[in-house]
Amino acid sequence: MADASWIAHLLWLLPVLPLAAAAGVTVSPPSRRRRAAAATIGAQAVAFLIASALFLVVLKSSGGGDEIVRQTFNFTWFNFGSSSLELGLLLDPLNAPMLVMVTFVGLLICIYSVAYMSNDANFVRFFAFLSLFSAAMLGLLVANNLLLLFICWELVGLASYLLIGFWAHKPSAVAAAKKAFITTRIGDLGFFLGMIWLYAEAGTLQFYAGGAGILEQSTLTQLAAGITIGGMALATAISLLLFCGAAGKSGQFPFHVWLPDAMEGPTPVSALIHAATMVAAGVFLVARVFPLFAATAGPDLVSTALTTVTWIGAFTAVFAAAIAVAQTDIKRILAYSTVSQLGFMMLALGVGGVAAAIVHLIAHAFFKALLFLGAGSVIHGCGDEQDIRKMGSVRRFMPITFATYAIGMMALSGFPFFFSGFWSKEEILHVVHGWPQSPVPFYLALAGTALTAFYMTRQMRFVFFGNSRAETAAKPHESPRIMTVPLAVLAAAAVLLGIFATPAWPWFHRFITGGTATVDFGRLFTAGTLGLMFLSILLVGAGVGTAWVVYRRLPGSASAPDPLERRLPRLYRALADRLYIDELYNATLIPLHGAAGRAADGLDRFVWNGMVAALTRIILLLSALSQITDRRLFNQGFDSGCEILRRSGGRVSGAHNRNIQARLVYIGSGMVLLFILFAWI
Amino acid sequence: MNYIEFTVFLLPEIVLLVTALAVIGIDCARRGKAATGAGGTLASASLCAAGILVAALIILIMPQEGRIAGGMLVLDPLTRLFKLVLLAMTLVAVLMLMETRPVRHVGENFAVMLFAAIGMMLVVGTEELLVLFIGLELTGISLYVLVGFARSDIRSAEAALKYFLFGSVSAAFLLFGLSLIYGFSGSTELGEIGVAMQAGGMEPLLAVGLVMTLVGFGFKVAAVPFHLWAPDVYQGAPAPAAALVASASKVAGFFILAKVLLLGFAGAEGGAAWGGFQPGWVPLIGVMAALSMVVGNLAALVQNRVRRLLAYSGIGHAGFMLIALMAATPAALASVLFYVVIYGLTTLGAFGVVTVVLRAREGDRLSDFAGMSRQAPLLSFSMLIFFVSLAGLPPLAGFFGKFYLFTSAMGAQAAPGGQPGMLWLVLLALVMSAISLYYYLLVLKQIFFVEAAEGTPVIRASKTGTWTCSILAAATIVLGCYPGILLGPIRLAVGAAF
Amino acid sequence: MITDAAFIAFAVLGIVTLGATLGAVAMRDPVHCGLALALAFCGVGGFYILLGAEFLGFIQLLVYVGAVAVLIMFVILLTRRPDSGQDTNSRGFWSALAGSGVALGVFAVLAVAISRSPSIQTATPADPEASIAAIGRMLVSSHLLPLKMIGVLLTVALIGGVLGAMQEGGKLER
Amino acid sequence: MITLESFLLVSALLFALGLAAVLTRRNAIMILIGIELMLSAANLNFVAFWRFGANPEALTGVLFVLFSIAVAAAEAAVGLALIIMIYRHYRSINPLKFNVLNG
């Protein structure tokens, strides 16, 4: 622990600059487009410079010993009486590279948006939201306090809600925004409960505070020793609650349903928020409070909380990749791919590979932003067409987009040696392989790798190769330079980043966990590493090869069935229907939700009028059954859950619409019952 | 008894009383000249506002502290703070009254509002059952009159009668309960009652007294199952009266409920652990809290009128606050008081916006809010702040209210000898507050995303209305970012009082 | 003062009061109910006198019988129409049953509590004096605040009463 | 021998009868009458407790009743005014008919 250096005092500027920009842009009239864009980009650029400087500072101070150097900057937010609430900012090797990544990608995407959104009437508002998002995201990263992190976390969610629903004239966008917000809020409930529980137990929410913080040894020991319901350690219970929040934000199964729908937002938003930054916040949270997750673990880093994270991550990685195989919307494929890659990161965290997860997070941020912006460029060029079946041969019209997209695709698929994705995925496979609990997650990860290669190749074939299947006569055209330059920059980053994470020079690994990196090419050739590399190259090759063969001959028109569908029709349909997860929700969770509401309602009723309640419950059961058979309702996702809640609310409120005396009878009987309760206990 | 001291202690209330009488006098004098509404309204409103400000100033600059006549009148930092809060809320209600369509006898309307404020201030500033009862009745009767003030409107009349009937029945229960408590303890002073309760055991008659008293307060704070008046009254009353009922009256109700429970019933908490129930008020409050949260939030989901929605959401919020009351620690008390003030301010603001919409579109159905963001952007933004704060999203004041509320409840669970079993209630509260987000979003969706239908009247807010709502919204934001402004004094004052 | 005479007085008062109350609650014609109410109030005043609070007893007669009951009678006569006050509702029986059940429940709770509370069983009467002079002194000393509050309360009630009952000009909205 | 218990039982009966009127009579004035009876019952309690209580010289119970009689009178006045007001609108005082306000 070190005191803050002078430059660490600039930490607060990171969130405040974009916030100021957001405030300024909000109050400026819709006609001041140029000024709004300039303010946003300017704030981003300055934030990027500061972040880079901070990164260098961390770099310099971390050279040498095995100690991790953390600079904290704590201050008292306010006092009340004798106690006070502390907040704090933190700079350490975990968040310093994230800061650079977020500001850098954010800057590029802001520039890109100037062109992409140029025809939108609400241009200024868009930039205000972007700034707000950026401020919240940076605040989340620099927080040295779980409460501050949570505040920013919710603000990020709010900004995401506003941006998904940005095109409010589209009902689907409004619905998607609502779905995203409510789904993540369900996860956040766990986060919130875990946080206040932690506060009640530990008395502070500071991460690091000179030995008294929640991530420092004394508190962790106390939390690991405390026992709660069912013999679970307090640390485990709180970790799992916090993981609910992380899973919600990072789209882990079963909270992933919102992320694909979130693609209703403008494409730069998808790139920035739903691929590169916000969704990674869940991963970052788990990495940040990793000591808490590992509090009950031994030296092999296996604890109940971490095991849960491992399994959920592994399952999500394969599951989402499988769904991506059968999607036809260019952005949805990328969205499921994002879910899958986030699963990889969680998997890495679960088996103890914090460094591997963060490396993959950063590498993924670059190439996924690249892919999304590339997809945006394609969509833009093809006249707002998003269905890959209606594209084809775009390679010829959009060479720059094609080249950069190909780089992104290869990075994502894990093409060997020259792409960052290869090395970061390699590192994940490596740590998963060493997990003592079970070999299954490792196999799942391998399957995910192969599937990734498969669906990305399929997408490339459909979009860039073959003949044009467009229904309109208009030829695709290359995007303007302001869009292609960010693409090129991101592509360069996607290639170069890999250097820092090879086993030969595990610089990043050391950077995060402390210690110095040495160059040793010999490590590449140890038996385990070499074998793994060979295996993964084999799988990637298999995935790409299979896809290339299956999609060798593309269907002639947009309405023809997918080649895969012809070969494996049932599997394909299942995948295309997203493995029926939304339907499953409708069939199970939502009636359950309704049942909870009905139970509450029944309680209400039973007190007042048992007979009527029994009758209505039978009717309700029948209606619930008929609803299950009603497939149409299923497709409305969470909305129907809300609907059932609404209806149970209707009955609760219906009990209020009685005449005065009936209500007074309620009051009187309520009092008698309270008294009986009193006498009975 | 020193009459001078007495008068000095009561000076803020006396100022309000004089103001109220002056307003009536001016109104009578003007009536001879067949005055039209607007001028009279402005004069009465400014006079009222001036009176309220003077009273607030007196509270601020005269640091009297102490208690006279056996706790009938108590002046300490906590009561002074809450008197200020009540005055601020009354001021907003007065400004809102200016905004509504003028009714006849507008002077009396303003005056009765001040009488209600006097009642609430006396309720807050007492630790004696007689003054408490008369104060509650003074508040109650003033509010009945206010709710029924739009006499030509059938809804107002019906709401007033319903409010009156529910209120008087609960007052009868309350008085009966108080008589039993007096019989048990031989005193009407809260401190002495607490001593007697700690000395004597729990006996059945005392239990009945406790329950009946809770009925009376349950009515005031609109907790299930004593909440049944709230939806109709919120909907039927003129908006300023409903706002006063929803905010100031609730603040006073929670304040005095907390005081009675923690001071008067100090020896009769009991316990609410699973399998470890002990007779006392804690399990009762627990049951009321759980029911209020569930019934309030579920019923709010289906409301089509914003005022009814606010009523049910208020019932849900009462449930949240009761949870922390169960914890019965000073920290929890501070969190309840903080929360109720925040709740009052935001609800007041929401009613302010509803007032404007009501005036423009003659209704408060969800569809009446459509397209509002285009016509009154500042007002819409304020509504966003209020609702998001009520839903408990950071960084607004409502979030911090919830954070402190739930943390102090959890802290009471964690503390040795504290109340176990709070975890479940907090969990239920969190689930319910997630549900509550949904219905708040329904209204916001209308405001921001839905276009107004052809031919609907344009919403135009007056300067006063816009400013009032904006200031309340700004307060919500500021109190969210710097809760210490309010929480600090509350915790200090609570620390001094308990 | 606890003598046979007192016991007889208690019995008579009890029968009169409760009988009148029952009448006030159960009789069909509201006018009769109002009259029975006045009698019940008289009975309660009698109890006050029996308990040694003569002043309260007279106040009870003055305020309740002389003012409240009379006011109620006036309003009953004002709102007297063929259809008002009749239990015309078809579900009347069940709701009446529910209401009476709850009232009975409350009584049962109270009765059980009264008979089971040790402090009630052991209470012995003192022989206090509630002279008018003492009450008057307290009213202007320790109970000055409630007295003033009652003044304000009555003012509000006056305003409310006048406004509520006053005929509003113009058409009624429905 | 008149015990405290017998006074309390009388007042409990009064209270329950008043409550019965409130809950069952389809006439707003009868509800008001019930409320007045309930308040009277509470007052009777106060006086009885004062008489049998520990510290009768303080006159607490008596003074409480004195004030609560005044409160009850004020409440009755306002209540009756409200009843007259509603009677003008509905031409009835049957509480079942007051149903304009409904969610």
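Throughout, protein chains are lettered first and strands after them, A, B, ... in sequence-line order, and every chain is numbered starting at 1.
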Quick one: pull up [atom1] in [X] and [atom2] in [Y] and give me the separation to the nearest 0.5 Å.
X	Y	atom1	atom2	answer
D:Leu59	C:Leu56	CG	CG	9.5 Å
C:Thr79	D:Ile93	OG1	CD1	3.5 Å
D:Leu82	C:Leu163	CG	CG	10.5 Å
C:His143	D:Leu66	NE2	CG	9.5 Å
D:Asn27	C:Arg28	CG	CZ	11.5 Å
C:Leu110	D:Leu14	CG	CG	11.5 Å

[X] side chain near [Y] side chain, heavy-atom distance below 4.5 Å:
X	Y	result
C:Ile59	D:Ile69	yes
D:Tyr87	C:Val75	no
C:Pro30	D:Ile29	no
C:Phe10	D:Val10	yes
D:Glu36	C:Tyr64	yes
C:Leu51	D:Phe52	yes

Structural part of [X] lying under 4.5 Å from a heavy atom of chain C:
X	result
D:Phe15	side chain
D:Ala28	neither
D:Leu13	both

Would you mind checking which part of [X] comes under 4.5 Å of any heavy atom in chain D, side chain (CB onward), backbone (N, CA, C, O), both or neither?
X	answer
C:Leu78	both
C:Val106	side chain
C:Ser115	both
C:Leu22	both
C:Ala134	both
C:Ile72	both
C:Ala67	neither
C:Met27	backbone
C:Phe55	side chain
C:Leu147	both

Tell me which of these, D:Glu75, D:Met30, D:Glu5, D:Met85, has more heavy-atom pairs under 4.5 Å with chain C than the rest.
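Highest number of pairs under 4.5 Å: D:Glu5.
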Name the option with the most non-hydrogen atom pairs under 4.5 Å to chain D; the candidates are C:Leu13, C:Val102, C:Ile159, C:Leu139.
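Ranked by contacts with chain D, first place is C:Leu139.
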